Protein chains: 4
Amino acid sequence: MYGETAMTIQETGAARPAGRPRSEKAEKAIIDATLDLLSEGMGISDLSIEAIASKAGVGKTTIYRRWSNKEDLVVDALSTLKAPLPPLAGTSVRDDLISLLDAMRQEAGNQRNRCVMNIAMSEADRYPQLLERFVKRAVEPRRQALRDVIERGIASGELRADLDVGMGVAILSGAMLWHSKWGPAGDLPADLAERVVDAALAGIAP
Amino acid sequence: MYGETAMTIQETGAARPAGRPRSEKAEKAIIDATLDLLSEGMGISDLSIEAIASKAGVGKTTIYRRWSNKEDLVVDALSTLKAPLPPLAGTSVRDDLISLLDAMRQEAGNQRNRCVMNIAMSEADRYPQLLERFVKRAVEPRRQALRDVIERGIASGELRADLDVGMGVAILSGAMLWHSKWGPAGDLPADLAERVVDAALAGIAP
Amino acid sequence: MYGETAMTIQETGAARPAGRPRSEKAEKAIIDATLDLLSEGMGISDLSIEAIASKAGVGKTTIYRRWSNKEDLVVDALSTLKAPLPPLAGTSVRDDLISLLDAMRQEAGNQRNRCVMNIAMSEADRYPQLLERFVKRAVEPRRQALRDVIERGIASGELRADLDVGMGVAILSGAMLWHSKWGPAGDLPADLAERVVDAALAGIAP
Amino acid sequence: MYGETAMTIQETGAARPAGRPRSEKAEKAIIDATLDLLSEGMGISDLSIEAIASKAGVGKTTIYRRWSNKEDLVVDALSTLKAPLPPLAGTSVRDDLISLLDAMRQEAGNQRNRCVMNIAMSEADRYPQLLERFVKRAVEPRRQALRDVIERGIASGELRADLDVGMGVAILSGAMLWHSKWGPAGDLPADLAERVVDAALAGIAP
DNA sequence: CCCTAACCGAGACGGTACGTCTCGTCTTGAC
DNA sequence: GTCAAGACGAGACGTACCGTCTCGGTTAGGG
């Protein structure tokens with residue numbers, strides 16, 4: 001029926017553009033290649049569009065058609081990374097904090113995450129969008145999860161009533177961050193999260 | 001005096017080479033230019049010998065004659081940076097910890113230090129020498145100073161007897177590091193060190 | 001009527017293919033655009049299918065559906081050019097030669113012809129089909145016309161009996177060609193054909 | 001002696017520029033590669049700087065440093081070609097004309113010359129400098145040589161007193177040009193020059 | 001009177017070459 | 001032997017077309 005077609009057009013709000021549609025496969029290949037190269041330890045400036053195109057098996061045009069510069073591509077590529085938060089049992093604040101911090105520990109052991117972290121921390125000054133987006137997508141959710149657990153603990157009496165929530169977040173996350181950056185070389189010990197939480201709790205608890 | 005000459009030869013281990021001596025002025029200009037460029041937010045890969053030479057008003061040869069590659073130059077340049085530890089009163093552990101952490105806070109407010117920190121943290125994977133040297137010169141002295149104060153506190157009873165010293169370092173340094181990286185934008189608040197120490201002490205203290 | 005259909009099939013030698021017939025308008029537009037671009041001084045290699053399609057208001061597919069490569073298109077396009085020979089009075093050999101050569105002179109003044117000539121002469125090595133077709137359609141008829149007049153002149157006694165016809169053609173055409181290529185800049189003088197013929201006749205005549 | 005140096009500088013009129021001098025070897029390799037590629041039948045538009053650089057074993061920069069565009073390079077490259085005129089016996093006008101025309105015939109047999117000729121004739125419209133230079137260096141000397149011989153012939157009575165010198169040049173050169181372009185395929189016959197001269201003389205002579 | 005098959009335009013695809021830029025190395029005359 | 005200047009080969013940049021491919025949408029005859 002004609003009506004249907006008309007409705008569809010109305011519903012989408014815009015006619016499909018003429019010509020061959022852009023290939024989703026190519027788009028995915030480009031993003032993957034970008035992340036692969038970044039994971040190999042390349043910085044953003046070492047990353048060349050030519051290398052991405054070559055690794056993705058794609059023409060340079062296909063990249064430039066979608067992103068007008070390298071930063072936009074990197075921002076989009078990093079945005080596709082999923083960083084799911086662990087499920088929280090909700091039974092005790094201590095257990096939940098350990099879950100959250102242990103998730104951080106495991107993420108720090110993954111090469112791709114390490115590189116993303118490095119890039120976000122070091123190249124942030126030059127690529128402000130990148131930092132903004134990274135904070136919004138990766139940092140803030142974790143910070144908020146920690147904050148929620150801490151606030152829950154304060155309410156339930158498991159944590160001190162006068163605790164500065166932000167300071168609690170800083171101490172817990174900071175200790176993990178410090179260990180992953182400046183601690184002894186090699187993988188972080190499996191019980192690190194537990195030890196950090198206990199050390200912090202000893203003070204945070206009333 | 002004959003002694004002087006002999007000693008000089010002995011000390012240098014070789015006779016002064018023939019030809020025009022290398023210009024110390026050029027060397028200094030190169031190091032300065034390198035640090036300036038790094039301070040402007042450049043990563044190591046963005047840093048080009050050409051730019052350094054141009055900024056230093058020096059030929060490229062003059063650089064390559066002294067350092068065989070960029071990493072060596074950067075390592076040397078960063079090594080010239082002084083990072084003196086603050087004097088410690090030694091009266092109370094709390095005051096000493098605040099002194100140390102507040103020194104970190106002030107350093108984090110300096111653009112040049114921030115860049116050095118960024119580079120050390122993010123480009124370490126690609127330039128292992130750099131990390132090694134940075135840890136040895138900048139991280140380890142601070143870590144040791146903190147460790148000393150904490151151990152003194154344990155001995156004096158100001159800190160818990162069963163405190164894991166490394167964990168104490170991680171919590172204190174980590175909280176500062178976290179604030180400087182992921183805390184609210186802008187300069188760190190002047191009382192941050194005090195608040196961090198008090199929050200940590202509340203638990204570290206018996 | 002069945003007869004008509006049968007005849008049509010017989011005449012065309014094949015059944016009309018199914019589907020939408022090719023647009024004659026598009027075909028004409030493509031040929032025109034091609035000739036226009038060539039007339040603007042483009043060489044064959046400068047000539048791009050994209051430019052032709054754009055100028056003709058046609059998709060590239062529509063061109064490639066008809067000609068498998070640029071050379072085929074150019075050959076067809078140039079083949080559509082008409083190059084009528086002037087009518088010959090037939091009264092005197094001298095007058096007929098002047099007519100033929102003056103037609104050459106006028107053609108040399110036309111931009112489109114100049115370009116076709118240039119292309120035929122310069123790109124012939126690379127596009128052998130093109131040369132072959134051009135010689136057959138443009139050069140040979142003129143050569144033959146000249147030859148006919150000369151042979152008529154020999155038969156009538158207006159030209160030397162022992163004249164090498166090919167050499168006569170070469171001298172007459174060559175002199176015109178030379179003037180149009182290497183003579184003084186600007187249009188060829190109106191009396192050029194007459195002067196060439198007279199100069200040649202002075203020797204060709206017995 | 002200091003004086004010598006000073007004089008040298010004075011003599012050259014300019015101090016030698018600082019820095020590494022441009023490599024004559026590279027310059028020669030570029031010219032050679034250009035001529036080679038043109039000789040392979042390439043037109044100017046098919047000729048790519050990248051191909052020249054690759055064939056010459058040279059960076060593209062080295063080409064662009066010397067010539068700002070392709071035309072300039074081609075003009076210079078073609079200018080290096082020598083096209084010596086044959087020595088003229090000077091005994092008889094007929095022999096000298098045959099010498100000159102036979103030199104043309106031999107040049108037409110050389111692949112490199114054919115290409116240069118094609119380029120000069122066909123791409124002249126687009127590259128005016130090229131035509132100008134080619135006429136000055138290649139066409140004009142030959143035209144002048146022919147003119148000299150013809151004028152000598154007129155003076156000595158070997159040629160008609162009322163002969164239009166320009167027309168004589170056009171007839172003689174044009175006949176050769178015609179044969180090389182539109183005559184039967186393959187090499188020009190060895191006695192062509194003689195036959196052309198005799199055919200022309202039969203009329204040019206009184 | 002729709003079905004169907006080839007046509008049409010538009011435009012994305014993987015490539016190649018462009019002319020520019022900057023890299024790290026090499027080569028020169030002056031000091 | 002060191003210095004600056006600057007040419008060198010290499011190769012990435014972003015752009016322009018190449019010839020091919022895939023879309024949604026015409027045509028027009030034959031069922």
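What you see is a predicted model, and the numbers here were worked out from it, not measured in a lab. Chain letters run A, B, ... following the sequence lines, proteins first, then strands; residues in each count from 1.
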Ignoring hydrogens and geometry beyond distance, is the side chain of [X] in donor-acceptor contact with the base of [N] at under 3.5 Å?
X: D/Arg20; N: E/dC26; value: yes
X: B/Lys60; N: F/dG6; value: no
X: D/Thr61; N: F/dA7; value: no
X: B/Arg65; N: F/dT2; value: no

If the cut-off is 4.0 Å, is [X] near the phosphate of [N], judged by side-chain N/O to OP1 or OP2?
X: C/Arg22; N: F/dT26; answer: no
X: B/Thr62; N: F/dA4; answer: yes
X: D/Tyr64; N: E/dT20; answer: no
X: B/Ser48; N: E/dT22; answer: no

side-chain hydrogen bond (donor to acceptor under 3.5 Å, both in side chains) partner of D/Trp67, the single match among D/Thr34, D/Asp72, D/Asp76: D/Asp76
Measure from [atom1] on [X] to [atom2] on [N] and round the result to the nearest Å.
X: C/Arg66; N: F/dT20; atom1: CZ; atom2: C1'; value: 17 Å
X: C/Trp67; N: F/dG19; atom1: CH2; atom2: C1'; value: 16 Å
X: B/Asn69; N: E/dT25; atom1: CG; atom2: C1'; value: 14 Å
X: C/Glu71; N: F/dG19; atom1: CD; atom2: P; value: 13 Å
X: A/Asp46; N: E/dT22; atom1: CG; atom2: C1'; value: 15 Å
X: D/Glu24; N: E/dT28; atom1: CD; atom2: C1'; value: 14 Å
X: D/Lys25; N: F/dA7; atom1: NZ; atom2: C1'; value: 13 Å
X: A/Leu37; N: F/dA12; atom1: CG; atom2: C1'; value: 14 Å

Using the closest heavy atom to pick a nucleotide of DNA chain E for each, name whichever of D/Glu50 or D/Pro21 lands nearer the 5' end. D/Glu50
Among all residues two or more places apart in sequence or in another chain, which pass the side chain to side chain donor-acceptor pair (under 3.5 Å) test with C/Glu132? none
Indicate yes or no for a side-chain donor-acceptor contact from B/Lys70 to the backbone of B/Leu47 under 3.5 Å, with no hydrogens or angles considered. yes
Please identify each residue that fulfils side-chain contact (heavy atoms from CB on, under 4.5 Å) with C/Ser54, with sequence neighbours left out. none
Side-chain heavy atoms of A/Leu78 within contact of A/Arg133, under 4.5 Å: no
